[in-house]
Peer 1: 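Just dropping this structure here.
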Amino acid sequence: MSLGKAARSLVTPIRGVLRPSSRSYAAVGEARAVLEKELDGIRAAGTWKAERIITSMQGPQINVDGSRSRILNFCANNYLGLSSHPEVVQAGVDALKSHGAGLSSVRFICGTQDLHKHLERKLAEFHEREDCILYASCFDANAGLFEVLLGPDDAVLSDELNHASIIDGIRLSRCLVSIGVHITELTGLDQSARMRLVVTDGVFSMDGDVAPLKGICDLAEQYGAMVFIDECHATGFLGPRGRGTDELLGVMDRVHIINSTLGKALGGAAGGYTVGPKPLIDLLRQRSRPYLFSNSLPPPVVGCATRAVELLLASSEIAQSMTAKTMRFRDKMTQAGFTIAGSAHPICPVMLGDARLASLMADDMLKLGVYVIGFSYPVVPKGKARIRVQISAAHTEEDIDHCVDAFIQTGRKHGVVS
């Protein structure tokens with residue numbers, strides 16, 4: 001038999017095997033009906049999240065598909081404007097040329113380059129901690145930390161508003177968990193536990209609230225507990241040198257473990273990390289599942305992040321420019337009659353309550369040249385819909401004033417302000 005005939009004889013029965021049966025079609029149809037009903041419910045509730053298409057670099061001004069002119073961007077996590085900083089971009093290009101597009105491997109097999117180790121040293125230096133381990137995201141860092149550090153004999157006190165990745169990570173640890181609200185007491189922390197850990201976001205991203213770290217550290221020391229903070233919305237711009245919430249509140253030497261991200265202020269590409277005691281970092285390299293089973297960060301991402309950290313180590317000028325711009329927006333919006341949650345943080349939630357109203361106002365803002373997004377359930381609690389504005393060091397005073405004017409015009413249209 002010729003090779004061609006042999007191949008044809010194999011194809012016929014294989015096609016028969018792969019052809020979906022009527023029962024299979026029915027199962028898919030039933031699933032489709034369930035999914036469409038769920039999607040219809042989201043649309044009816046006014047909480048549908050459409051994705052606008054950006055056709056330019058991330059920055060204070062962007063091009064948006066369907067818009068004829070440049071749009072002011074007030075909803076990115078690009079706090080320091082480094083996502084399109086020329087030196088940060090060039091560092092990524094240089095790393096791509098010198099170290100390639102990726103490693104095609106996890107770190108412990110053949111995925112650790114000198115670039116990764118250099119960035120880890122720089123991040124440990126930046127946070128003034130012993131050591132650092134990189135992850136594909138801070139979600140992975142949170143998922144990978146707690147199940148390694150903690151077990152059934154340990155206890156955690158976690159803020160109820162902590163990020164979903166923290167909540168998921170703690171669940172994996174099987175430790176005893178108590179929940180607090182902006183933790184002010186440790187009465188729920190089991191004193192018989194082998195290890196005790198207080199876990200909080202440094203900044204709560206939906207409200208722009210800064211955690212009361214001084215009080216948390218006082219209580220933790222009283223009860224012999226360690227302190228962990230997630231600094232995704234603080235690293236690079238809070239504190240006199242941009243080191244984060246712990247520096248802002250004067251407790252750098254009292255916070256023991258920090259998780260943060262490279263995907264916001266530090267270049268905005270991707271990646272997360274843990275900094276803390278060297279024995280912890282060493283153990284994470286041995287046992288942390290997201291680290292062991294995820295590809296290494298691509299060299300261009302590492303190059304961009306490294307240059308961003310180097311810029312911040314060299315000067316705090318960018319970080320220090322944030323306060324005045326943040327307060328300019330908050331003060332003008334409050335004077336106009338809007339309710340702004342949080343205080344003194346570049347996250348400035350414009351509270352509206354109704355999900356559909358938040359979505360409609362965001363659409364009208366885009367028509368006025370301002371890119372913002374309405375946040376509603378399940379991202380925030382029902383009845384707490386808002387437009388979350390985020391101020392960047394790259395915004396000018398004119399940008400901020402234009403944004404406020406657009407809010408006033410849109411707010412009057414929808415009866416939010418008079």
Side-chain angles (χ1 to χ4, degrees), residues 76-83 85 88 119-132 138 141 159 162-163 182-183 198-205 207-218 220-221 226-268 272-276 305-330 342-348 390-395:
N77 296 315
N78 185 26
Y79 293 110
L80 298 175
L82 296 181
S83 295
H85 190 286
V88 173
L119 176 55
E120 287 171 338
R121 287 192 295 271
K122 285 294 181 183
L123 287 167
E125 176 187 352
F126 182 81
H127 286 283
E128 299 179 12
R129 297 314 197 274
E130 292 179 14
D131 205 355
C132 172
C138 191
D159 196 290
N162 280 340
H163 192 270
H182 282 15
I183 301 161
V198 182
V199 175
T200 182
D201 279 334
V203 173
F204 296 91
S205 62
D207 294 310
D209 285 340
V210 177
L213 285 185
K214 285 185 178 179
I216 288 173
C217 289
D218 289 343
E221 290 171 3
M226 295 186 296
V227 177
F228 163 95
I229 56 174
D230 180 310
E231 286 284 81
C232 286
H233 290 275
T235 297
F237 59 94
L238 281 193
R241 300 172 300 154
R243 299 307 189 259
T245 313
D246 57 340
E247 183 189 44
L248 176 70
L249 300 178
V251 292
M252 286 189 74
D253 60 337
R254 302 170 71 191
V255 172
H256 308 98
I257 307 168
I258 294 175
N259 278 6
S260 194
T261 182
L262 307 174
K264 293 182 171 61
L266 302 184
Y273 58 89
T274 298
V275 292
T306 300
R307 188 62 190 134
V309 175
E310 288 172 346
L311 289 171
L312 296 177
L313 284 168
S315 172
S316 59
E317 182 179 352
I318 302 176
Q320 291 174 351
S321 71
M322 294 289 291
T323 303
K325 294 178 180 180
T326 295
M327 296 315 298
R328 183 182 186 89
F329 178 82
R330 284 181 170 274
S343 61
H345 190 278
I347 294 174
C348 305
Q390 288 165 279
I391 307 300
S392 168
H395 287 132

Peer 1: Just so I know, are the side chains of Ile229 and Ile216 near enough to count as touching, which here means a heavy-atom distance under 4.5 Å?
Peer 2: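 They are not in side-chain contact.
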
Peer 1: Go through the steps for Tyr79 and Ile318 under the test side chain to side chain contact (heavy atoms under 4.5 Å, CB included), then give the verdict.
Peer 2: CA-CA 10 Å; Tyr79 293 110; Ile318 302 176; over 6 Å; no

Peer 1: To the nearest 0.5 angstrom, please state how far the CZ atom of Arg129 sits from the OG1 atom of Thr274.
Peer 2: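 Between Arg129 CZ and Thr274 OG1, I get 12.0 Å after rounding to 0.5 Å.
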
Peer 1: Answer yes when Arg254 and Asp246 have at least one side-chain N-carboxylate O distance shorter than 4.0 Å, and no when they do not.
Peer 2: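 Looking at Arg254 and Asp246, the cut-off is not met.
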
Peer 1: Using every non-hydrogen atom in the two residues, find where Cys232 and Cys138 come nearest and quote the distance to one decimal.
Peer 2: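 Nearest pair, atom of Cys232 first, then Cys138: SG-SG, 3.4 Å.
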
Peer 1: Taking only residues two or more places apart in sequence, or in another chain, which ones meet Arg330 in a side chain to side chain donor-acceptor pair (under 3.5 Å)?
Peer 2: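 For Arg330, no residue satisfies side chain to side chain donor-acceptor pair (under 3.5 Å) once neighbours in sequence are set aside.
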
Peer 1: Please report the interatomic distance NE2(His127) to OH(Tyr273), rounded to the nearest 0.5 Å.
Peer 2: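 It comes to 2.5 Å.
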
Peer 1: Do you know the tightest heavy-atom contact between Ala344 and Thr326?
Peer 2: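 Looks like C-CG2, 4.1 Å.
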
Peer 1: Quick one: do Thr200 and Leu213 satisfy side chain to side chain contact (heavy atoms under 4.5 Å, CB included)? Show the steps, please.
Peer 2: CA-CA 9 Å; Thr200 182; Leu213 285 185; 4.0 Å; yes

Peer 1: For Arg307, give me all partners under salt bridge (Lys or Arg N to Asp or Glu O under 4.0 Å), at least two apart in sequence or on another chain.
Peer 2: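 Salt bridge (Lys or Arg N to Asp or Glu O under 4.0 Å) list for Arg307, sorted by chain: Glu87, Glu310.
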
Peer 1: So do the side chains of Glu317 and Leu311 get within less than 4.5 Å of each other, counting heavy atoms only?
Peer 2: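 Heavy-atom side-chain distance check fails, nothing below 4.5 Å.
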
Peer 1: Once rounded to the nearest 0.5 Å, what's the spacing between atom CG of Leu312 and atom CZ of Arg241?
Peer 2: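 With rounding to 0.5 Å, CG (Leu312) is 11.5 Å from CZ (Arg241).
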
Peer 1: Drop me the distance from Arg243's CZ to Met252's CE, to the nearest 0.5 angstrom.
Peer 2: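 Atom-to-atom, Arg243:CZ and Met252:CE are 7.0 Å apart.
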
Peer 1: Quick one: closest heavy-atom pair of Gly236 and Ala319, and the distance?
Peer 2: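 Heavy atoms only, the tightest pair is O-CB, 3.4 Å.
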
Peer 1: To the nearest 0.5 Å, tell me how far Cys217 SG sits from Asp253 CG.
Peer 2: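 It comes to 8.5 Å.
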
Peer 1: Going by atom types only, do Thr235 and Glu231 share a side-chain donor-acceptor pair under 3.5 Å?
Peer 2: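 Thr235 vs Glu231: no donor-acceptor pair found between side chains.
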
Peer 1: Say whether, by atom type as modelled, one donor and one acceptor occur between the side chain of Asp230 and the main chain of His163 under 3.5 angstrom.
Peer 2: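 Judged by distance alone, no pair lies under 3.5 Å.
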
Peer 1: Quick one: CG on Leu266 to CG on Leu80, what's the gap to the nearest 0.5 Å?
Peer 2: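 Between Leu266 CG and Leu80 CG, I get 7.5 Å after rounding to 0.5 Å.
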
Peer 1: Taking all atoms of both residues into account, what is the closest heavy-atom pair of Asn78 and Ser83, and its distance?
Peer 2: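 Closest pair (atom of Asn78, atom of Ser83, distance): OD1-OG, 3.0 Å.
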
Peer 1: Specify the closest pair of heavy atoms between Ala308 and Leu82, including all atoms of both residues, with the distance to one decimal.
Peer 2: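 Nearest heavy atoms, Ala308 then Leu82: CB-CD1, 3.8 Å.
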
Peer 1: Taking the side chain as everything from C-beta on, heavy atoms only, tell me whether Asp159 gets closer than 4.5 Å to Phe204.
Peer 2: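 Heavy-atom side-chain distance check passes, below 4.5 Å.
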
Peer 1: Before you tell me yes or no, could you show the steps for Val210 and Thr245 under side chain to side chain contact (heavy atoms under 4.5 Å, CB included), namely the whole-Å CA-CA distance, both residues' side-chain angles and the distance that decides it to 0.1 Å?
Peer 2: CA-CA 7 Å; Val210 177; Thr245 313; 3.5 Å; yes

Peer 1: Please name the pair of heavy atoms, one in Glu247 and one in Leu238, separated by the smallest distance, quoted to 0.1 Å.
Peer 2: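 The answer is OE1-O, 3.8 Å.
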
Peer 1: Are the side chains of Met322 and His345 in touch, meaning some heavy atoms are under 4.5 Å apart?
Peer 2: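 Not touching, per the 4.5 Å side-chain cut-off.
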
Peer 1: Taking the side chain as every heavy atom from C-beta outward, state whether Leu123 and Val309 have any atom pair closer than 4.5 Å.
Peer 2: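 Contact flag for Leu123/Val309 side chains = yes.
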
Peer 1: Any chance you could lay out the side chain to side chain contact (heavy atoms under 4.5 Å, CB included) test for Val251 and Val227, step after step, and finish with the verdict?
Peer 2: CA-CA 11 Å; Val251 292; Val227 177; over 6 Å; no

Peer 1: Can you tell me if Lys264 uses its side chain to pair, donor with acceptor, with the backbone of His233 under 3.5 Å?
Peer 2: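 No: the side chain of Lys264 does not pair with the backbone of His233.
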
